[in-house]
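I have placed the structure first, in the form of structure tokens, so that the comments after it can refer back to it.
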There are 4 protein chains.
Amino acid sequence: MQNLSDNALSILLQQYLETEKNLTEKQKNILKAAVAVFSEKGFAGASTSEIAQKAGVAEGTIFRHYKTKKALLFSIVSPTIVGLGAPIVLKDFESILEKQYVDFADFLRTIIKDRFEFIKNNQAILKIIANEISFHLELQQMVKEILTTRIMTKIQLAIEYFQEQGEIVLLPYETIARLIFSTIAGYAVTRFLISPNQDWNDEQEIETMIEFLVKGLKT
Amino acid sequence: MQNLSDNALSILLQQYLETEKNLTEKQKNILKAAVAVFSEKGFAGASTSEIAQKAGVAEGTIFRHYKTKKALLFSIVSPTIVGLGAPIVLKDFESILEKQYVDFADFLRTIIKDRFEFIKNNQAILKIIANEISFHLELQQMVKEILTTRIMTKIQLAIEYFQEQGEIVLLPYETIARLIFSTIAGYAVTRFLISPNQDWNDEQEIETMIEFLVKGLKT
Amino acid sequence: MQNLSDNALSILLQQYLETEKNLTEKQKNILKAAVAVFSEKGFAGASTSEIAQKAGVAEGTIFRHYKTKKALLFSIVSPTIVGLGAPIVLKDFESILEKQYVDFADFLRTIIKDRFEFIKNNQAILKIIANEISFHLELQQMVKEILTTRIMTKIQLAIEYFQEQGEIVLLPYETIARLIFSTIAGYAVTRFLISPNQDWNDEQEIETMIEFLVKGLKT
Amino acid sequence: MQNLSDNALSILLQQYLETEKNLTEKQKNILKAAVAVFSEKGFAGASTSEIAQKAGVAEGTIFRHYKTKKALLFSIVSPTIVGLGAPIVLKDFESILEKQYVDFADFLRTIIKDRFEFIKNNQAILKIIANEISFHLELQQMVKEILTTRIMTKIQLAIEYFQEQGEIVLLPYETIARLIFSTIAGYAVTRFLISPNQDWNDEQEIETMIEFLVKGLKT
DNA sequence: GATGAATGAGTCTTCATTCAT
DNA sequence: CATGAATGAAGACTCATTCAT
């Protein structure tokens, strides 16, 4: 078992857990408005006064809850960053892998569906993260920490397992992970950013990706 | 043969060709400084005064050459957007495909190496484009036009050719193109943004990607 | 009876009535400073920073109350433009004319004294209006509306009345009005702009003008 | 005979005489453009770059001929200010008055027609002078000097002559002059600024003004 | 003589943040 | 706890003027 308070993530996680409760109606409005404006105009292009207006609160009210504009950004972005790694924390891979008859395709289907759902439900905030990550060192560190401690370690176990089973090619696990993530991310970008209005059959596209990855990574 | 002046791109292309010459030393400094600052802080987060200072010119000088800050952005970004599609215009696919003994792996090797080189040489500007494309409709339109008229039409021909040859799977060409681009982009992002300081063996990574794609798209 | 809210002027009038109250000390200072600076340097020659300094507020404070420099100009100028026509609205001519024994000289005395008082109390703002009216179409329209709907229609009644009485010459009423206004304006300009420091006996000058006008317009 | 070089006006007069000749085509274009822009936007609201553009010359060229923007203003405005008093200098009143049978109406007809013609031919520049005179002390001084030394002294003679003849009322000559000028100016403003597009019968309007003034100033 | 690139002070305006109410 | 007036630093952009060519 992972100790959840053994690193800086515990702070984020706390925030994450507080998110749903403890929030007044005004605070929720502020967060909702901020997500909308940040995602539409970018952090630097957004003005706190526009957020206040959209949230229906006074300009000063924002600063009563969030010390600075940047703190507001992080309040929005942190839970989603934690969420990036959360499901993999919760549904422990190890237990998954212990189940019999789990092949690589099933494994891919599980993560792709799960992560696709996550992206679908967090489009706006993920867009904010993607847009701002270049400009905020702290963001980079948060994401990096989640990625390495929460995701990559688990992924590594799974990949090595399937390599041992002879199901997938013996490339470095980072490379394999990158190829998998690129495929998912490429779909997400096309699906939600480039052509959101096109008719999409997500089920089928996911199966196509699984087949592509299974074949591409076969030994 | 494509007529290069048959659509709105000709304007961009003209700009592109003028770029290298006709520029005073000061103008070059402004562009260089602007690329640096835009890429480091984002368009909205960059200040014209910082650009001026970095370029060693007076702030007014910037506005003598570029009517607005936004015009400066587009002067930087336009040639690279044109460049996105340029090589595929020049080295005509059709002629490539007429050569005998061209298989899908060779085809992939050609575009991946070419585009990888392009990305390597235009990292900063491509980063700016990626960061700003959400916020500037004109940018979206420019990129879309290049992508559809210059790239996708050519790619389609190639993909259909290899499908006829029975080399690759009979998926819609957009799907195949997306899987290829995702793989390249995923590498570029990891290579240049996430871990630029790591030791990379580009040759080998490219071969890995080619093998992955060839296997993944096999019939 | 005139309905005061029967046209676009009602908005101006509202502004006018709000003017005196509802203003913080700082706003009053801003207006006072702006009147001084606009009147001394002209609108285009005035800088908001000078106004702010003279008003003892931060420059940003001006823009919290007035969206733009031009809006500040109009806030100053609108009530006075309304005031141009106001007294004639209030003291209804018709009722004046119904009184017996009102001759043309009395009529002139009434308007000249009233308007002279108005000019005396609004010198700075009237100077601003005179200086800026060429450059702002909206100003021209506002003044034109007040002049035609509030003043000329009333004046016309009076002039026609005195013409019927055989007291004044049968020229078009616009001509007669112009000759009257020119005489008043000519005095005001000399009195307040050209030689403000000279010793003036306003009572006597007004009687001179009345005699001049009565004789000049006699049948 | 007046000695033309006995005061500061000689400088202006020299400028005035140089005006017609000694001017390159470019200089004439600059002056023409400057008159247009100053009159349309006011001195402070006009930009030298717009003037240069309208004149078809480089920005620097203006400053080769006129040290500063203000010097350009004065180059435009000075000859017309001199012209304000010029005709009265040339056609000497004294000689006019010596002719027999000259009555006050004829006198008025002469100056009104002359000055009306002058105003008609110098509308744009006179508008500039009127708009700028509040903001430039030197302008005020120039106009004042012309008015007092060139005009008022002559007018005084004429007025006193007609007073001696018993033709006009025994008011101070300044008052009489003011009433005359107000009447002319009031017409000019209405005629050229307020309703320039209306159909005007100048001959008739002038006769109306003469009759008005003759009657108004009768003993 | 004419040009136009370069300047840097100055313009109006916006913005994140504070604080008295 | 929320407000919104006030701030002043900083923003993009303009302008009159200079000067090397």
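Computed from coordinates, the B:Asn29 CG to E:dA5 C1' distance equals 15 Å when rounded to whole Å. The interatomic distance linking B:Ile62 (CD1) with F:dA12 (P) rounds to 9 Å, in whole Å. The interatomic distance linking D:Glu50 (CD) with F:dA16 (C1') rounds to 14 Å, in whole Å. D:Leu72 has its CG atom 15 Å from the C1' atom of F:dC15, to the nearest Å. Atom CD of D:Gln53 is separated from atom P of E:dG4 by 12 Å (rounded to the nearest Å). Between the P atom of F:dC1 and the OH atom of A:Tyr66 lies a distance of 14 Å, rounded to the nearest Å.
C:Phe43 does not carry C:Lys70 over the face of its six-membered ring by the limits of under 6.0 Å from the centre and within 45° of the normal.
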Which letters describe nucleotides 12-21 of chain E, given B = protein heavy atom under 4.0 Å from base, S = only from sugar-phosphate, - = neither? BBBSBBB---
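Proximity of B:Gln27 to B:Tyr66: side-chain heavy atoms (C-beta onward) are separated by under 4.5 Å at one or more points. Between C:Ile51 and C:Lys69, every side-chain heavy-atom pair lies at or beyond the 4.5 Å cut-off. The shortest side-chain heavy-atom distance between C:Met142 and C:Phe74 falls under the 4.5 Å cut-off. In this structure, C:Phe63 and C:Thr48 have side chains that are in contact, with non-hydrogen atoms separated by less than 4.5 Å. Residues A:His65 and A:Thr61 are in side-chain contact: their nearest non-hydrogen atoms beyond the backbone lie under 4.5 Å apart. D:Leu31 is not listed as a side-chain neighbour of D:Lys28, based on a closest heavy-atom distance of 4.5 Å or more.
Defining each end axis of the helix from E:dA2-F:dT21 to E:dT21-F:dA2 as the rotation carrying four pairs' C1' atoms onto the next four, with five pairs an end, the two axes are found to diverge by 0° to 10 degrees.
Contact check, D:His65 against E:dA2: a side-chain N or O comes under 4.0 Å of OP1 or OP2.
Taken to the nearest 0.5 Å, the CD1 atom of A:Ile30 stands 7.0 Å off from the OG1 atom of A:Thr24.
Each of A:Gly56 and C:Val57 was matched to the nucleotide of DNA chain F holding its nearest heavy atom; the match closer to the 5' end belongs to A:Gly56.
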Run the side-chain hydrogen bond (donor to acceptor under 3.5 Å, both in side chains) check on B:Glu59 and B:Ser49 step by step: do they pass? CA-CA 6 Å; B:Glu59 204 171 348; B:Ser49 81; 4.9 Å; no
